[in-house]
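Let me begin by presenting the structure, written as structure tokens, before commenting on it.
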Amino acid sequence: MKNSVKATLIAIAVAIVLLIVALVFALNQRAAPTPPEGAGQQTVRTDSHVLDDGGEGAVTVVEFLDFECEACGAFYPVVEELREKYDGEIAYVVRYFPLPGHINSTQAALAAEAAAQQDRFEDMYHRLFETQAQWGEQGEETPEVFRAFAEELGLDMAAYDAAIADPATAERVQADKTDGEKLGVTSTPTFFVDGEKVVLETWDDPEQAIEKALNG
């Protein structure tokens with residue numbers, strides 16, 4: 001009988017402890033709600049690749065992209081027109097966001113980052129989009145294709161190969177993607193104008209966001 005009473009008391013004590021733990025967890029959840037998309041996160045970092053620097057007071061446009069993404073490829077000429085139209089008024093920043101469904105997206109990003117280490121990011125950026133139809137949607141990774149691009153651009157191939165093999169290069173690409181995920185990026189291209197995420201519904205949405213920022 002004593003053992004039965006003791007077991008009952010232990011069970012009650014355990015239940016009380018579990019209830020207290022549950023209440024504390026619930027209160028903590030209420031005290032620290034999930035932050036809204038992009039809250040407190042950076043759209044640009046000191047090592048971000050800036051294609052155009054409009055100087056002080058310029059509107060900052062950030063594009064998270066996947067070089068293999070067909071939508072990014074379709075927006076590429078639109079982006080080039082915006083860069084020309086708003087030259088001197090915007091800072092245009094490119095950040096990596098390789099998607100898992102694209103076999104060569106990470107390899108392309110690594111090639112761009114390796115080129116960036118030789119101050120040739122923009123040259124590789126253009127080459128990747130201009131040739132996307134040749135290497136995109138493949139069944140396996142084709143790093144030799146990107147190495148050939150590097151050779152065509154006249155890069156130092158020993159330095160290029162070393163950069164591709166260096167884990168820090170892949171970490172740099174992943175750092176951009178991690179920031180993008182924290183900002184609520186789920187697809188590419190995703191644009192931010194002065195820190196505000198652009199809702200893409202038409203080709204003109206990035207330009208409308210730039211105009212609003214310039215005239216706001």
Side-chain angles (χ1 to χ4, degrees), residues 32-99 101-102 105-106 108-109 111-113 115-117 119-130 132 136 171-216:
T34 301
E37 246 183 31
Q41 303 298 331
Q42 291 178 277
T43 56
V44 181
R45 293 189 180 274
T46 55
D47 63 351
S48 295
H49 299 304
V50 181
L51 296 183
D52 301 305
D53 186 356
E56 187 177 350
V59 169
T60 300
V61 182
V62 179
E63 179 185 2
F64 281 87
L65 59 77
D66 175 336
F67 287 109
E68 191 174 354
C69 167
E70 291 182 346
C72 294
F75 260 100
Y76 169 66
V78 175
V79 166
E80 291 305 294
E81 289 178 6
L82 291 176
R83 291 178 60 197
E84 182 177 356
K85 180 175 181 178
Y86 295 101
D87 183 34
E89 297 180 276
I90 65 172
Y92 202 88
V93 182
V94 172
R95 304 196 67 182
Y96 307 114
F97 200 84
L99 297 169
H102 294 150
S105 59
T106 296
E113 186 57 27
Q117 293 178 26
D119 296 322
R120 300 292 297 279
F121 174 82
E122 185 167 358
D123 292 330
M124 185 62 81
Y125 161 87
H126 289 305
R127 182 62 59 91
L128 291 170
F129 275 129
E130 290 164 0
Q132 186 191 73
E171 290 168 5
R172 170 66 183 78
V173 172
Q174 182 58 45
D176 268 7
K177 187 171 185 182
T178 298
D179 275 358
E181 290 169 343
K182 291 177 180 178
L183 287 160
V185 176
T186 57
S187 61
T188 56
T190 293
F191 298 92
F192 290 85
V193 175
D194 276 352
E196 294 293 324
K197 188 176 180 181
V198 178
V199 177
L200 280 184
E201 295 178 342
T202 71
W203 298 104
D204 295 333
D205 288 328
E207 181 172 1
Q208 294 301 319
I210 291 171
E211 284 288 343
K212 180 181 178 181
L214 287 171
N215 300 314

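Basis for what follows: all heavy atoms, side chains included, without hydrogens, waters or symmetry-related copies.
Taking 4.5 Å as the limit, every side-chain heavy atom of Arg127 sits out of range of all side-chain heavy atoms of Asp123. The shortest distance between side-chain heavy atoms of Leu183 and Lys197 does not fall below 4.5 Å. Between Pro206 and Val79, the closest side-chain pair of non-hydrogen atoms is not below 4.5 Å.
Between the side chains of Gln208 and Asp204, no donor-acceptor pair is found at a separation under 3.5 Å. Between the side chains of Glu63 and Tyr76, no donor N or O sits under 3.5 Å from an acceptor N or O.
Of the possible donor and acceptor atoms, one in the side chain of Gln132 sits under 3.5 Å from a partner among the backbone N and O of Cys69. Not a single donor-acceptor pair under 3.5 Å links the side chain of Arg45 to the backbone N or O of Asp179. Distance alone, capped at 3.5 Å, places no donor-acceptor pair between the Lys85 side chain and the Glu207 backbone.
Taking all atoms of both residues into account, the shortest heavy-atom contact from Leu128 to Ala108 is CD1-O, 3.5 Å. Scanning both residues, Ala112 and Tyr96, for their nearest heavy atoms gives C-OH, 3.6 Å. Thr106 approaches Pro98 most closely through the heavy-atom pair OG1-CB, 3.7 Å. For Val78 against Ala74, the heavy-atom pair with the smallest separation is CG2-O, 4.1 Å. Here the closest non-hydrogen pair linking Glu113 and Val173 is CB-CG2, 4.4 Å. In plain terms, the two heavy atoms of Asp176 and Phe64 that are nearest each other are O-CE2, 3.4 Å.
For the atom pair NZ of Lys212 and CD of Glu196, the computed distance is 7.5 Å after rounding to the nearest 0.5 Å. Leu82 CG to Tyr92 OH: the interatomic distance, rounded to the nearest 0.5 Å, is 7.0 Å. Atom NE2 of His49 is separated from atom OH of Tyr125 by 12.5 Å, given to the nearest 0.5 angstrom. In this structure, CG on Leu214 lies 8.5 Å from CD1 on Ile90, to the nearest 0.5 angstrom. Expressed to the nearest 0.5 Å, how far CG of Asp66 lies from NE2 of His102 amounts to 5.5 Å. Here the CG atom belonging to Asp205 is positioned 7.0 Å from the CZ atom belonging to Phe75, to the nearest 0.5 angstrom.
Each of Thr60, Val61, Ile210 was scored for a side chain to side chain contact (heavy atoms under 4.5 Å, CB included) with Asp194, with one residue passing: Thr60.
Ring orientation note: the planes of Phe67 and Phe129 are tilted relative to one another, at an angle of 30° to 60°.
At most 12 non-hydrogen atoms from other residues, nucleotides or ligands lie less than 6.0 angstrom from CD of Glu70.
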